[in-house]
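All remarks here apply to the structure that follows.
Numbers for residues simply follow the sequence, beginning at 1.
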Amino acid sequence: MAVYRIIGDHVIAEEDLRANPSMIGKFLPNPELPPALGGQIKPLGATTPFVPIGKGLPLTVLIRHVYTGQYPDPNVFGRNGDIAVVSGVRDFDVFNAASRALNFIQQSVPPCSHLTTPSAFTDGTPLVAYSPAVLADSITLTIELAAARFPQGFVKSLSGAFTALAGIPMLMPYAGWLLGSGQITKLAGDIGHALMDGPVFTKTEQLDFEWPGTEQAVADFRVISRPEFRADLFKYKDGRGLVDLDDQAYRGEQPYVIVSLDGRRNDKYAKFAPTLASAAVLERFFQVKEGQQAAIDTLIEGMRLASDLKYRQLAEGLAQEIAAAAGDAETIKSLTQQLKAVRDNIQTPALRPPMP
């Protein structure tokens, strides 16, 4: 796996940065400006700065740029084809959920296309993951590109669901099913397997927060690519992707995806984690035919309440530990931070316990 960090407009291999953290200063726009807390990079000028991430803090992961490389293969699809951008999260906050999500489908694109996800004329969302407060020690993110000829009717049918989801990815509990906006839809077999079983690009990034022996993840851009692609030979320009020394965008065969990690709180995404859990635990009990839908609002609400109750019990346990630690200021401070993070993951206000 090749993962690269973007410092200013420079692309640096993650392993090189870990071996020599001081090299960050060489690539900052103003070398006199120290890095933000924990080495988190604060861009200068009109650029909106990143907000630090960490255990107990919010986390938003967004897809910022997709380069399709040699795909779609013109030998298979003719001149142009369709690209579906799919993401996945594992060891997330709720029930250790693992579920793919459909972010968007870009139709009729030639090979070597740059996608600034998604376009104004494409339904979908760049959101990969959101947590109001990270509780997991480590989170695994996977990005996939699937190339296929998706039927026009299927793509149009996604529009209403994406609109109702208000920026939340459309979850895929398993091949042949699509969960979005309170409905589960049974897909035609070829569509479901094209989305989930035949990706042309699959890469995974590990985000470590309190995993012993690893460097903690920081807020920044990251280039996710195949090991053979030397992304560090290029610079990054927002909206254009990776460019060479002549300021020409990369046009080679290797696909890559740029994601951003940020610690801002985004309340509009607050229901993402419970819905993700719902997709992860759904059983195949919906007796519907291809193209038909079944309402599962009640099931999703039940899963959300189950999630809240789980966190409520965890919060009550932490409150008891805080009470038992009277006089131990350091322990109380640590437990109080954990309690706040747990409370932030409870979606139902009535179930949030008071802070001690």
Exercise for the section: Test side chain to side chain contact (heavy atoms under 4.5 Å, CB included) on Phe50 and Leu261 and set out the steps. Expected result: CA-CA 8 Å; Phe50 285 104; Leu261 315 178; over 6 Å; no
Practice task
With rounding to the nearest 0.5 Å, note down the distance linking CD1 in Ile12 to OH in Tyr236.
Solution key: 15.0 Å
Exercise for the section: Using the rule that two of Ile, Leu, Val, Met, Phe, Trp, Tyr join whenever any of their side-chain heavy atoms come within less than 4.5 Å, decide whether Phe229 and Leu233 are in one cluster. Expected result: yes
Completion exercise
On a heavy-atom basis, the closest approach of Leu242 and Ala231 is CD1-CB, 4.0 Å
Completion exercise
Contacts of Asp190 meeting salt bridge (Lys or Arg N to Asp or Glu O under 4.0 Å) (sequence neighbours excluded), chain-then-number -> none
Practice task
Output all residues satisfying salt bridge (Lys or Arg N to Asp or Glu O under 4.0 Å) with Asp262, sequence neighbours left out; order by chain, then residue number.
Solution key: Arg264
Handout entry: Minimum side-chain heavy-atom gap Leu59-Ile139 below 4.5 Å
Key = yes
Practice task
Indicate yes or no for a side-chain donor-acceptor contact from Ser181 to the backbone of Ala164 under 3.5 Å, with no hydrogens or angles considered.
Solution key: no
Handout entry: Validation row: Tyr256, Arg226 side chains within 4.5 angstrom (heavy atoms)
Key = no
Handout entry: Crowding at CD, Glu253 (>12 non-hydrogen neighbours, <6.0 Å)
Key = no
Practice task
Kindly indicate whether the side chain of Val155, heavy atoms from C-beta on, has any atom under 4.5 Å from the side chain of Gln107.
Solution key: yes
Exercise for the section: Check step by step if side chain to side chain contact (heavy atoms under 4.5 Å, CB included) holds for Val223 and Ile258. Expected result: CA-CA 5 Å; Val223 181; Ile258 295 176; 4.0 Å; yes
Problem - Nearest heavy atoms of Ala101 and Leu171, plus distance in Å - result: CB-CD2, 3.7 Å
Exercise for the section: Consider only side-chain N and O atoms of Thr125 and Asn103, and report whether a donor and an acceptor are under 3.5 Å apart. Expected result: no
Problem - Asp246 backbone acceptor or donor facing Asp244 side chain under 3.5 Å - result: yes
Exercise for the section: Return the set of residues passing salt bridge (Lys or Arg N to Asp or Glu O under 4.0 Å) with Arg304 (not counting sequence neighbours), or none when no residue passes. Expected result: Glu301
Handout entry: Derivation of the ring pair (Phe, Tyr, Trp, His ring centres under 6.0 Å) call for Phe234 and Tyr4
Key = CA-CA 11 Å; Phe234 301 85; Tyr4 296 86; 9.8 Å; no
Practice task
With sequence neighbours excluded, tell me which residues meet side chain to side chain donor-acceptor pair (under 3.5 Å) with Thr142.
Solution key: Thr204
Problem - Closest approach of Ala84 to Leu102 (non-hydrogen atoms, all atoms of both residues) - result: CB-CD1, 4.2 Å
Problem - From Thr202 atom OG1 to Leu145 atom CG, the distance as rounded to the nearest 0.5 Å - result: 8.0 Å
Completion exercise
Per side chain to side chain contact (heavy atoms under 4.5 Å, CB included), Met170 is matched among Asp123, Leu158, Leu179 by Leu158
Practice task
If a pair satisfies salt bridge (Lys or Arg N to Asp or Glu O under 4.0 Å) and one of its residues is in residues 316-330, list it, with sequence neighbours excluded.
Solution key: Arg312-Glu316
Practice task
Kindly work out whether a path of hydrophobic side-chain contacts (I/L/V/M/F/W/Y, heavy atoms less than 4.5 Å apart) joins Ile332 to Val342.
Solution key: yes
Exercise for the section: Before accepting this row, confirm whether a basic side-chain N of the pair Glu144/Lys203 lies closer than 4.0 Å to the acidic partner's carboxylate O. Expected result: no
Handout entry: Donor + acceptor pair across side chains of Gln206, Ser138 (<3.5 Å)
Key = yes
Exercise for the section: Of all the heavy-atom pairs spanning Ser87 and Ile143, show the shortest one and how long it is. Expected result: CB-CD1, 3.9 Å
Exercise for the section: Test side chain to side chain contact (heavy atoms under 4.5 Å, CB included) on Asp9 and Ile6 and set out the steps. Expected result: CA-CA 6 Å; Asp9 61 354; Ile6 297 175; 6.0 Å; no
Exercise for the section: Mind telling me whether Trp177 and Tyr174 have parallel, tilted or perpendicular rings, with 30° and 60° as the class edges? Expected result: perpendicular
Practice task
Looking only at non-hydrogen atoms, find the nearest pair between Asp297 and Gly182 and report the distance.
Solution key: OD1-CA, 2.9 Å
Practice task
Would you confirm whether the ring centroid of Phe162 sits within less than 6.0 angstrom of the ring centroid of Phe104?
Solution key: no
Handout entry: Pair Val134-Ser131, side chain to side chain contact (heavy atoms under 4.5 Å, CB included): steps then yes or no
Key = CA-CA 6 Å; Val134 172; Ser131 173; 4.3 Å; yes
Practice task
Apply the test salt bridge (Lys or Arg N to Asp or Glu O under 4.0 Å) to residues Asp247 and Lys235: give CA-CA distance (whole Å), side-chain angles for both, the deciding distance (0.1 Å), then the verdict.
Solution key: CA-CA 9 Å; Asp247 201 37; Lys235 291 187 176 183; over 6 Å; no
Practice task
Indicate if Trp211 and Ile53 have the same hydrophobic cluster label, given that clusters are the connected sets of ILVMFWY residues with side-chain heavy-atom separations under 4.5 angstrom.
Solution key: no
Handout entry: Value rounded to 0.5 Å, distance of OG1 in Thr336 from CD1 in Ile322
Key = 3.5 Å
Exercise for the section: With the side chain counted from C-beta on, respond yes when Ile63 and Val85 share a heavy-atom pair under 4.5 Å apart, and no when they do not. Expected result: yes
Exercise for the section: Without swapping roles, check the side chain of Gln216 against the backbone of Phe209 for a donor-acceptor pair under 3.5 Å. Expected result: yes
Problem - Student check: side-chain heavy atoms of Leu207 and Thr140 closer than 4.5 Å - result: no
Exercise for the section: Measure the shortest side-chain to side-chain distance between Leu135 and Tyr311 over non-hydrogen atoms and say whether it is less than 4.5 angstrom. Expected result: yes
Handout entry: pair Ile83-Tyr71: side-chain heavy atoms closer than 4.5 Å
Key = yes
Practice task
Spell out, yes or no, whether Met355 and Leu57 are grouped together once hydrophobic residues are joined by side-chain heavy atoms under 4.5 Å, including indirect joins.
Solution key: no
Practice task
Could you tell me whether a side-chain N or O of Asp82 sits under 3.5 Å from a main-chain N or O of Phe150, the two making a donor and an acceptor?
Solution key: yes
Problem - Side chain proximity check, Leu127 to Leu62, heavy atoms < 4.5 angstrom - result: yes
Exercise for the section: Working to the nearest 0.5 Å, report the span between NZ of Lys268 and CD1 of Ile168. Expected result: 9.0 Å
Exercise for the section: Please state whether the rings of Tyr67 and His114 are parallel, tilted or perpendicular, taking 30° and 60° as the class boundaries. Expected result: tilted
Handout entry: All salt bridge (Lys or Arg N to Asp or Glu O under 4.0 Å) counterparts of Lys55, not counting sequence neighbours
Key = Asp137, Glu210
Problem - Where Ala341 and Gly56 come nearest, the two heavy atoms and their spacing - result: CB-CA, 3.7 Å
Fill in the blank from the handout: When rounded to the nearest 0.5 Å, the distance separating CZ of Arg343 from CG of Asn345 is 11.5 Å
Exercise for the section: Give a yes or no on whether the backbone of Thr331 and the side-chain of Ser334 come within a donor-acceptor separation of less than 3.5 Å. Expected result: no
Practice task
Scan side-chain atoms only and decide if Asp267 and Tyr269 contain a donor-acceptor pair under the 3.5 Å cut-off.
Solution key: no
Exercise for the section: Look up atom CD1 in Ile346 and atom OG in Ser307, then write down how far apart they are to the nearest 0.5 Å. Expected result: 8.5 Å
